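Small disclaimer: the values here were computed from a predicted structure and weren't measured.
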Amino acid sequence: MQRPGTIVRRTRIATWNVNSIKARTRVVTRWLEAETPEVLLLQETKCSEELFPRPEFEDLGYRIETVGQKGYNGVAVMSRAAFTVERRRLPGHPGDDEARYIEGLVELPTEGRRKPRELRVVSLYVPNGNPAGSESFLYKIDWLKRLIDHARQLLKETEPLILGGDFNVAPTDADVYDPSLFGNDALCHPEIRARFRELLTAGFTDVVAAHYPAPGNYTFWDYQDRAWPKNHGWRIDHLLLSPRALALLADCGIDKKPRGMQQPSDHVPVWCDLRL
DNA sequence: ATGCCTACTACAAGTAGA
């Protein structure tokens with residue numbers, strides 16, 4: 001616990017599926033100004049690397065690394081601290097060219113004159129996979145298997161690790177507003193949930209689930225059918241922390257405010273604060 | 001309910017998202 005008078009640096013790491021970075025430039029810059037995260041992991045940027053609106057974010061002090069694709073998918077990392085890209089594709093399938101994965105090392109500033117602390121971060125966008133049983137569903141299963149294999153390798157490294165992103169998995173029935181409607185949906189499917197549990201068992205903590213076990217902590221509300229005002233949501237965006245990252249955890253949460261603003265993404269940011 | 005909303009792409013009452 002923090003003693004009175006002790007200065008503790010708040011290092012915020014967040015993830016956000018923005019549903020087009022070009023359409024969301026203003027919403028995201030405002031959020032960065034208000035929340036000042038050290039690192040923001042982005043998904044569904046929906047634009048090529050050349051067309052990414054860099055200056056708007058660089059002006060706020062963020063460096064940007066992105067894996068882009070025209071019109072679909074797209075992930076990025078925005079960081080105020082030095083960031084080095086380690087991987088631009090999820091290993092395990094050389095023919096998979098979809099822009100769904102970026103991994104790298106951040107040099108996080110620490111208190112006083114201590115050396116910066118290295119943190120490995122991954123911004124990932126798991127395939128949607130609907131409808132169940134389709135080609136797209138098989139791709140999702142395969143993608144999650146590759147993620148589990150790779151994450152096991154990353155856990156052998158010494159630095160703390162955070163997997164953040166749109167997992168397109170509602171881990172339990174408490175993570176969907178009406179589970180009776182979506183039993184066979186690719187976001188709730190037993191086979192998909194089993195893969196997600198396997199990932200956790202490999203050594204990760206879903207920090208929001210651990211701190212806010214009650215139902216209703218959603219991160220996504222469909223644009224259709226007035227889902228937001230009715231709170232018809234899903235919890236599908238997650239921050240998974242390795243044991244070494246968990247040891248640094250001070251706080252975490254879901255910031256629902258951006259869903260109620262003008263021209264919102266259908267997802268909201270999920271964040272965690274580390275104590276360094 | 002083959003709908004509903006939003007973004008993208010490029011003119012198709014198209015696709016994808018979840």
Legend entry - Atom pair distance, as rounded to whole Å: CG in A:D222 and C1' in B:dA16: 12 Å
Legend entry - Atom-pair distance (CZ on A:R26; P on B:dA7), nearest Å: 15 Å
Legend entry - Base of B:dA18 paired with side chain of A:N128 (donor-acceptor, under 3.5 Å): yes
Inset, instruction - In whole angstrom, give me the gap between the C1' atoms of B:dT2 and B:dA10. - result: 23 Å
Legend entry - Interface with DNA chain B, restricted to residues 163-176 of chain A and to heavy atoms under 4.0 Å: A:D166, A:N168
Inset, instruction - Specify the residue among A:D225 and A:D185 whose closest nucleotide of DNA chain B lies further upstream toward the 5′ end. - result: A:D225
Legend entry - A:E98 and A:N73 side chains, donor-acceptor separation under 3.5 Å: yes
Legend entry - Interatomic distance where OH belongs to A:Y72 and P belongs to B:dT15 [whole Å]: 9 Å
Inset, instruction - May I have the distance from A:H267 (atom NE2) to B:dT6 (atom P), rounded to whole angstrom? - result: 14 Å
Legend entry - Nucleotide pairing, DNA chain B (Watson-Crick or G-U, distances under 3.5 Å), in dot-bracket with [ ] and |: ....((((.....)))).
Inset, instruction - Would you classify A:F182 as touching base, sugar-phosphate or nothing, given that sugar-phosphate means primed atoms plus P, OP1 and OP2, and contacts are heavy atoms under 4.0 Å? - result: nothing
Legend entry - Heavy atoms of other groups near A:R26 CZ, more than 12 under 6.0 Å: no
Inset, instruction - Look at the side-chain N and O atoms of A:Y125 and state whether any lies under 4.0 Å from the OP1 or OP2 oxygen of B:dA18. - result: yes
Legend entry - Whether A:S123 side chain and A:L42 backbone form a donor-acceptor pair below 3.5 Å: yes
Inset, instruction - Starting from P on B:dC8, measure out to NZ on A:K70 and report it in whole angstrom. - result: 12 Å
Inset, instruction - Rounded to whole angstrom, note down the C1' distance from B:dT9 over to B:dA16. - result: 12 Å
Inset, instruction - Starting from C1' on B:dA7, measure out to CD on A:Q43 and report it in whole angstrom. - result: 17 Å
Inset, instruction - Compare every heavy atom of A:L199 with every heavy atom of A:F204, then report the nearest pair and how far apart it is. - result: CD1-O, 3.4 Å
Inset, instruction - Indicate yes or no: does A:R244 engage A:E159 in a salt bridge with an N to O separation below 4.0 Å. - result: no
Legend entry - Whole-Å distance separating the CD atom of A:Q263 from the C1' atom of B:dC5: 13 Å
Inset, instruction - Output yes when at least one side-chain N/O atom of A:N19 is less than 4.0 Å from OP1 or OP2 of B:dA16, else no. - result: no
Legend entry - Greater than 12 external heavy atoms within 6.0 Å of A:K70's NZ: no
Legend entry - Residue closer to the 5' end of DNA chain B, A:N17 versus A:Q224 (nearest nucleotide): A:Q224
Legend entry - Interatomic distance at C1', B:dC4 relative to B:dC11, whole Å: 23 Å
Inset, instruction - Using distance alone, with no hydrogens and no angle criterion, decide if A:H267 and A:E44 have a side-chain donor and acceptor under 3.5 Å apart. - result: no
Inset, instruction - Report the nucleotide, chosen from B:dA18, B:dT6, B:dA7, that has the shortest atom-to-atom distance to any side-chain atom of A:N130. - result: B:dA18
Inset, instruction - Taking all heavy atoms of A:R117 and all of A:P160, pick out the closest pair and write down the distance. - result: NH2-CG, 4.0 Å
Inset, instruction - Identify which one of A:L187, A:N17, A:I192 satisfies the side-chain contact (heavy atoms from CB on, under 4.5 Å) criterion when paired with A:N168. - result: A:L187
Legend entry - Contact under 4.0 Å: A:R24 side-chain N or O vs B:dA7 OP1/OP2: yes
Inset, instruction - Looking at every strand, decide which applies to A:N73 at a 4.0 Å heavy-atom threshold: base, sugar-phosphate, or nothing. - result: nothing
Inset, instruction - Determine which pairs satisfy side-chain hydrogen bond (donor to acceptor under 3.5 Å, both in side chains) with at least one residue from residues 169-180 of chain A, sequence neighbours left out, and list them in order. - result: A:T172-A:D175, A:D173-A:R193, A:D175-A:R235, A:D178-A:S180
Inset, instruction - Would you mind reading off the distance between A:F220 atom CZ and B:dG17 atom P, rounded to a whole angstrom? - result: 12 Å
Legend entry - Heavy-atom pair with the smallest gap, counting every atom of A:W16 and A:S265: NE1-CB, 4.1 Å
Inset, instruction - Write down the distance separating the C1' atoms in B:dC8 and B:dA13, rounded off to the nearest Å. - result: 16 Å
Inset, instruction - With P as the reference atom in both, quote the distance from B:dA1 to B:dA7 in angstrom, rounded to an integer. - result: 29 Å
